Number of protein chains: 2
Amino acid sequence: MTQKRSTWQKVAVREELGERSGFISAQQLHAEMVAAGQKLGLTTVYRALTDMVESGEADALTGSDGETRYRICGQEHHHHLICNVCGKTVEFELPGFEAATKALALSHGFQEVSHSIELFGTCSDCPRG
Amino acid sequence: MTQKRSTWQKVAVREELGERSGFISAQQLHAEMVAAGQKLGLTTVYRALTDMVESGEADALTGSDGETRYRICGQEHHHHLICNVCGKTVEFELPGFEAATKALALSHGFQEVSHSIELFGTCSDCPRG
DNA sequence: TTTGGTTCGATAATGATTTTCAGTAAGGAG
DNA sequence: CTCCTTACTGAAAATCATTATCGAACCAAA
């Protein structure tokens with residue numbers, strides 16, 4: 001059976017991503033790793049990130065510009081509070097909301113409901129616009 | 001100053017979009033309009049849709065597949081409940097939630113907060129998976 | 001070291017969206 | 001109504017992120 005191998009490339013991607021607190025695109029992450037002297041291919045970075053998302057190690061977030069950004073995160077269900085300026089991300093939970101949305105969806109006849117909740121703003125470290 | 005002109009193409013896109021209850025991609029909308037006998041360019045459809053989003057006449061939603069889908073909607077603040085199968089969309093509001101998210105964001109030092117909330121599920125008209 | 005996979009990564013391909021740019025047509029001025 | 005000015009149109013080319021190809025590199029183990 002196909003089992004995953006641990007390579008220095010994958011480890012490097014995981015570490016590089018782990019050093020950040022916000023979301024970053026595959027392209028950008030790759031560019032910075034190359035700039036830092038690590039020789040790996042863009043394809044590999046994409047593969048490593050995709051693997052991490054599948055295994056629940058990272059979250060993927062597709063922005064309105066069509067670019068997908070990634071971030072290390074825990075496996076528990078949570079949502080994100082994201083700074084528009086610096087990209088800093090805070091995870092949070094909203095007790096009661098899960099149930100409320102589910103009830104609302106059911107009242108409209110929807111089943112197998114999932115939800116996507118993201119809050120965007122400017123964090124205290126960044127100048128206000 | 002640059003003012004907008006009204007063309008039959010823009011009107012046609014607005015009408016075609018208005019006849020639908022769910023989100024649809026620019027490509028798909030264009031394909032159906034052409035199939036229906038209307039001769040207009042894909043570029044024009046993109047432009048018309050972008051204009052409508054800017055003017056608040058429509059909502060744009062970028063999915064995880066990188067495709068942007070559009071839908072006619074009112075200007076009041078609302079969220080969407082979307083069927084994964086047929087694309088049917090229901091608008092809803094969540095009284096109290098707006099305040100809750102804002103308070104949560106502020107407690108983390110974030111300001112100028114906006115949020116994105118989408119619920120996905122299978123509607124009563126579609127077979128469950 | 002030979003074998004049988006898995007992984008790498010340069011490059012080509014894909015596919016949605018945008019840009020170009022020359023030709024078309026609103027819509028106000030006369 | 002006719003003439004302009006300039007936004008609009010749309011076919012084709014350009015972008016750009018992401019994915020597919022496929023031979024080379026690599027790992028574990030027999």
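Only a predicted model underlies this, so the values are computations on that prediction, with no experimental measurement involved. The figures that follow rest on heavy atoms only: side chains count, while hydrogens, waters and symmetry mates do not. Throughout, protein chains are lettered first and strands after them, A, B, ... in sequence-line order, and every chain is numbered starting at 1.
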Handout entry: Residues B:R71, B:E57: salt bridge by 4.0 Å N-O rule
Key = no
Exercise for the section: Please state how far atom NZ in A:K10 lies from atom C1' in C:dT7, giving the value in whole angstrom units. Expected result: 7 Å
Exercise for the section: Output the distance between atom NE2 (A:H30) and atom CD (A:Q38), rounded to the nearest 0.5 Å. Expected result: 10.0 Å
Exercise for the section: Examine the side chains of A:Y46 and A:Q27 and answer whether a donor and an acceptor come within less than 3.5 Å of each other. Expected result: yes
Practice task
Have a look at B:T68 and say if it touches a base, only the backbone sugar-phosphate, or nothing, with a 4.0 Å heavy-atom cut-off.
Solution key: sugar-phosphate
Fill in the blank from the handout: Whole-Å distance, B:E67 CD to C:dT14 P, equals 17 Å
Handout entry: Nearest-Å distance for atom pair CZ/C1', residues A:R69 and D:dC16
Key = 13 Å
Practice task
Quick one: label B:Q27 by what it contacts on the DNA or RNA (base, sugar-phosphate, nothing), any heavy atom closer than 4.0 Å.
Solution key: base
Exercise for the section: Determine whether A:L40 and A:L42 fall in the same hydrophobic cluster, where Ile, Leu, Val, Met, Phe, Trp and Tyr are linked whenever their side-chain heavy atoms lie under 4.5 Å apart. Expected result: no
Practice task
Rounded to the nearest angstrom, tell me the gap between atom CG in A:D51 and atom C1' in C:dT7.
Solution key: 10 Å
Dump the pairs, protein N or O against N or O of nucleotides 19-25 of chain D, anything under 3.5 Å, distances to one decimal.
residue : atom : partner : partner atom : Å
D:dA20  : N6   : A:T43   : OG1          : 3.4

Exercise for the section: Take the protein atom NE2 of B:H30 and the nucleotide atom P of C:dT17, then report the distance between them rounded to whole Å. Expected result: 13 Å
Handout entry: Note: B:E67-B:R69 ion pair, threshold 4.0 Å (strictly below)
Key = yes
Handout entry: Nearest-Å distance for atom pair CE/P, residues A:M52 and C:dT7
Key = 16 Å
Handout entry: Distance-only polar pair, side chains of B:H79 and A:H115, donor-acceptor under 3.5 Å
Key = no
Problem - Cluster overlap B:F110 with A:L94, hydrophobic side-chain contacts below 4.5 Å - result: yes
Check: protein-nucleotides 22-30 of chain C nitrogen or oxygen pairs below 3.5 Å:
residue : atom : partner : partner atom : Å
C:dA26  : N3   : B:R5    : NH1          : 3.3
C:dG27  : OP1  : B:S6    : N            : 3.3

Handout entry: Atom-pair distance (CG on B:D65; C1' on D:dA17), nearest Å
Key = 13 Å
Practice task
Side-chain contact test, heavy atoms from C-beta onward, threshold under 4.5 Å: evaluate it for B:L81 versus B:E91 and give yes or no.
Solution key: no
Handout entry: Between D:dA11 (C1') and B:L40 (CG): distance, integer Å
Key = 13 Å
Practice task
Report yes if the distance between the aromatic ring centroids of B:F23 and B:H80 is under 6.0 Å, otherwise no.
Solution key: yes
